[in-house]
Amino acid sequence: EKARATKNKDKQQEQASLEKVTDYVEEETIGDSERTKQAMSVIQSTVTEQTEAERQREKELAAVSIKQEDVEVIVEELEVSRDVAVYTLRANGGDISKALQCLVRS
């Protein structure tokens, strides 16, 4: 009888310990889930900000007027694509000298 009572008490203690561990793991999992959501939110905000900054930069570059002759000179002389020539000219304010220097250095 005493052995049975001791055995029952041991089982109860084991169950209580198991409950504590299970509760702890559940709490940690919930905490990890919340931290993951927060991290994803920060990442999404950063991506959105970067995308908006890129759009703004593209608008700024599109507003820069360039001469088609300058584009042709860069394409022929440096053997780069038309897109690269246009982008470089716009990024350098339409100044062919600066655009050429930029391309030669890179």
Side-chain angles (χ1 to χ4, degrees):
E1 187 69 33
K2 189 174 183 181
R4 186 182 273 172
T6 302
K7 207 173 200 183
N8 283 340
K9 187 175 181 180
D10 288 345
K11 281 186 180 181
Q12 288 174 348
Q13 287 176 342
E14 287 174 7
Q15 287 176 343
S17 294
L18 183 59
E19 279 295 315
K20 285 180 184 177
V21 170
T22 304
D23 290 346
Y24 175 78
V25 170
E26 287 174 355
E27 288 172 11
E28 285 297 309
T29 302
I30 290 170
D32 288 346
S33 177
E34 287 301 314
R35 285 189 291 275
T36 301
K37 286 179 185 177
Q38 289 172 349
M40 291 301 290
S41 177
V42 168
I43 290 169
Q44 183 60 40
S45 295
T46 302
V47 168
T48 301
E49 289 171 7
Q50 289 174 343
T51 302
E52 185 56 36
E54 288 172 10
R55 276 194 215 128
Q56 185 62 31
R57 177 68 173 150
E58 287 174 14
K59 284 180 184 179
E60 290 170 2
L61 290 177
V64 175
S65 63
I66 57 173
K67 297 177 187 172
Q68 289 306 310
E69 309 91 56
D70 292 346
V71 174
E72 295 303 322
V73 167
I74 292 173
V75 168
E76 290 174 16
E77 295 299 320
L78 297 181
E79 298 179 358
V80 296
S81 71
R82 185 169 198 73
D83 290 341
V84 169
V86 168
Y87 176 83
T88 306
L89 271 168
R90 290 186 183 203
N92 287 283
D95 185 330
I96 191 169
S97 298
K98 288 180 182 177
L100 287 169
Q101 289 175 2
C102 179
L103 288 167
V104 168
R105 281 188 238 147
S106 59

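One-based numbering along the sequence shown. Here the structure is a predicted model, which is why all the values come from computation and not from measurement.
- Interatomic distance, C102 SG to D95 CG, rounded to the nearest 0.5 Å: 11.0 Å.
- Distance check: L103 CG to E77 CD gives 12.5 Å after rounding to the nearest 0.5 Å.
- Legend: residues meeting side chain to side chain donor-acceptor pair (under 3.5 Å) with Q38, ordered by chain and number and at least two apart, are absent.
- Under the 4.5 Å side-chain heavy-atom criterion for grouping Ile, Leu, Val, Met, Phe, Trp and Tyr, Y87 is not connected to V104 through any hydrophobic cluster.
- Looking only at side-chain heavy atoms (C-beta outward), I74 and T88 stay at 4.5 Å or farther from each other.
- Note that the CG atom of L100 and the CZ atom of R105 stand 11.0 Å from one another [nearest 0.5 Å].
- Across all non-hydrogen atoms, the minimal contact from V71 to R82 is CG1-NH1, 3.6 Å.
- When all heavy atoms are compared, the tightest approach of V75 to A85 is CG2-CB, 3.8 Å.
- Between A99 and N92 the shortest heavy-atom distance is CA-ND2, 3.7 Å.
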Counting only pairs under 3.5 Å, give me each side-chain donor-acceptor contact of residues 55-63, with atom names and distances, residues two or more places apart or in other chains.
unit_1, atom_1, unit_2, atom_2, d
R55, NH1, E52, OE1, 3.3

Contacts table for residues 39-46: side-chain donor-acceptor under 3.5 angstrom, sequence neighbours left out:
unit_1, atom_1, unit_2, atom_2, d
Q44, NE2, T48, OG1, 3.3
S45, OG, S41, O, 3.1
T46, OG1, V42, O, 2.9

